[in-house]
Amino acid sequence: MFEICPETDQDTPEVEALYDLCFAPGRTALSSYRLRDGVPKVADLCLVLRDSSDILLAAIRFWPVRVGGRSVLLLGPVAVHPTAQGEGLGAILMRDSLDRARRLGWSRVLLVGDAPYYARFGFTRMEGVDMPPPTNPDRILGLELRPGAWAGVAGPVTREQPGEVLAGLAELAGNPHIGTACVEVAGPKDGNDGRTQSGGSAADH
């Protein structure tokens with residue numbers, strides 16, 4: 001059995017160490033990090049997955065961004081420890097976090113990654129959505145958590161201004177707060193469900 005919980009301040013050093021292990025040095029210089037710098041994470045959706053011995057095996061984070069003035073969830077990074085690759089843990093975190101996002105009231109999700117891998121979760125290539133360069137347009141993918149949520153939403157992806165983050169999270173107003181909810185999950189029956197990309201990560205960073 002595994003346990004999925006929202007990331008706490010106590011988890012953060014371990015999560016950062018996991019990202020350092022899974023991604024190449026200089027990961028924070030990538031264009032996606034410019035959208036996150038100085039902006040609070042969407043705390044309820046930043047999750048850690050631990051085994052029965054309390055060992056951190058996987059983590060996922062989400063950040064608020066804007067596309068065409070509309071609120072969007074930017075998914076990533078998501079990483080699985082190299083010793084746990086191929087066990088489906090990345091897929092478990094993806095599905096759990098996206099379900100939480102839907103219950104919280106979010107409408108649309110954006111990520112940068114490999115379309116064949118993320119198609120299993122419903123992500124498709126986004127036309128007219130521009131990530132900061134040098135992002136490959138073929139890797140800009142989106143998912144609708146509500147039907148039609150991406151209709152008419154296009155333009156450059158921009159960061160939330162620190163003073164306007166609460167406005168950027170306005171879609172959550174009146175929705176239940178998931179907070180510290182933890183869940184126990186069993187490993188997937190299909191061991192290939194969460195197979196990761198090279199470098200120990202199931203997602204782009």
Just by modelled atom types, is the [Y] backbone N or O under 3.5 Å from a matching donor or acceptor in the [X] side chain?
X: Glu3; Y: Glu184; answer: no
X: Ser97; Y: Leu93; answer: yes
X: Arg36; Y: Gly76; answer: yes
X: Tyr19; Y: Pro77; answer: yes

Listed partners of Glu127 passing salt bridge (charged side-chain N to carboxylate O under 4.0 Å, His left out), at least two apart: Arg125

Partners meeting salt bridge (charged side-chain N to carboxylate O under 4.0 Å, His left out) with Glu14 (sequence neighbours left out): Arg50

So, using side-chain contact (heavy atoms from CB on, under 4.5 Å) as the criterion, who are the partners of [X] when residues are at least two apart?
X: Asn136; result: Asp138, Arg139
X: Ser52; result: none
X: Asp130; result: none
X: Thr12; result: Glu7, Glu16, Arg61

Which pair of heavy atoms, one from [X] and one from [Y], lies closest together, and at what distance?
X: Leu89; Y: Ala84; result: CD1-CB, 3.7 Å
X: Ser107; Y: Ala149; result: O-CB, 3.2 Å
X: Leu45; Y: Ala101; result: CD2-N, 3.5 Å
X: Val67; Y: Val72; result: CG2-CG2, 3.8 Å
X: Pro13; Y: Asp9; result: CD-O, 3.5 Å
X: Pro6; Y: Asp11; result: O-OD2, 3.8 Å

Report the distance from atom CD of Glu87 to atom NE2 of His81, rounding to the nearest 0.5 Å. 11.5 Å

Between atom CD1 of Ile55 and atom CZ of Phe2, what is the distance when rounded to the nearest 0.5 Å? 10.5 Å

[Y] side chain reached by [X] side chain, heavy atoms, under 4.5 Å:
X: Met1; Y: Val185; answer: no
X: Ile92; Y: Leu49; answer: yes
X: Leu143; Y: Arg108; answer: no
X: Pro64; Y: Leu73; answer: no
X: Leu47; Y: Cys5; answer: no
X: Leu75; Y: Leu98; answer: yes
X: Arg100; Y: Ile4; answer: yes
X: Trp63; Y: Val42; answer: no

In sequence, state the C-alpha distance, the side-chain angles, and the governing distance for Val15 and Leu56, and then conclude on side-chain contact (heavy atoms from CB on, under 4.5 Å). CA-CA 8 Å; Val15 173; Leu56 178 67; 4.2 Å; yes

Test salt bridge (Lys or Arg N to Asp or Glu O under 4.0 Å) on Asp99 and Arg95 and set out the steps. CA-CA 6 Å; Asp99 179 65; Arg95 293 194 171 97; over 6 Å; no

Run the side-chain contact (heavy atoms from CB on, under 4.5 Å) test on Trp150 and Val129 for me, step by step, so that the C-alpha distance in whole Å, both residues' side-chain angles and the decisive distance to 0.1 Å come before the verdict. CA-CA 10 Å; Trp150 274 109; Val129 174; 4.1 Å; yes

Test log, rule side-chain contact (heavy atoms from CB on, under 4.5 Å), inputs Phe62 and Lys41: CA-CA 6 Å; Phe62 288 81; Lys41 302 184 293 289; over 6 Å; no

Please walk me through it: do Met126 and Leu110 pass side-chain contact (heavy atoms from CB on, under 4.5 Å)? CA-CA 9 Å; Met126 295 299 300; Leu110 184 73; 4.2 Å; yes

Under 6.0 Å from the ring centre and within 45 degrees of the ring axis: does the NZ or CZ of Arg120 meet both conditions for the six-membered ring of Tyr117? yes

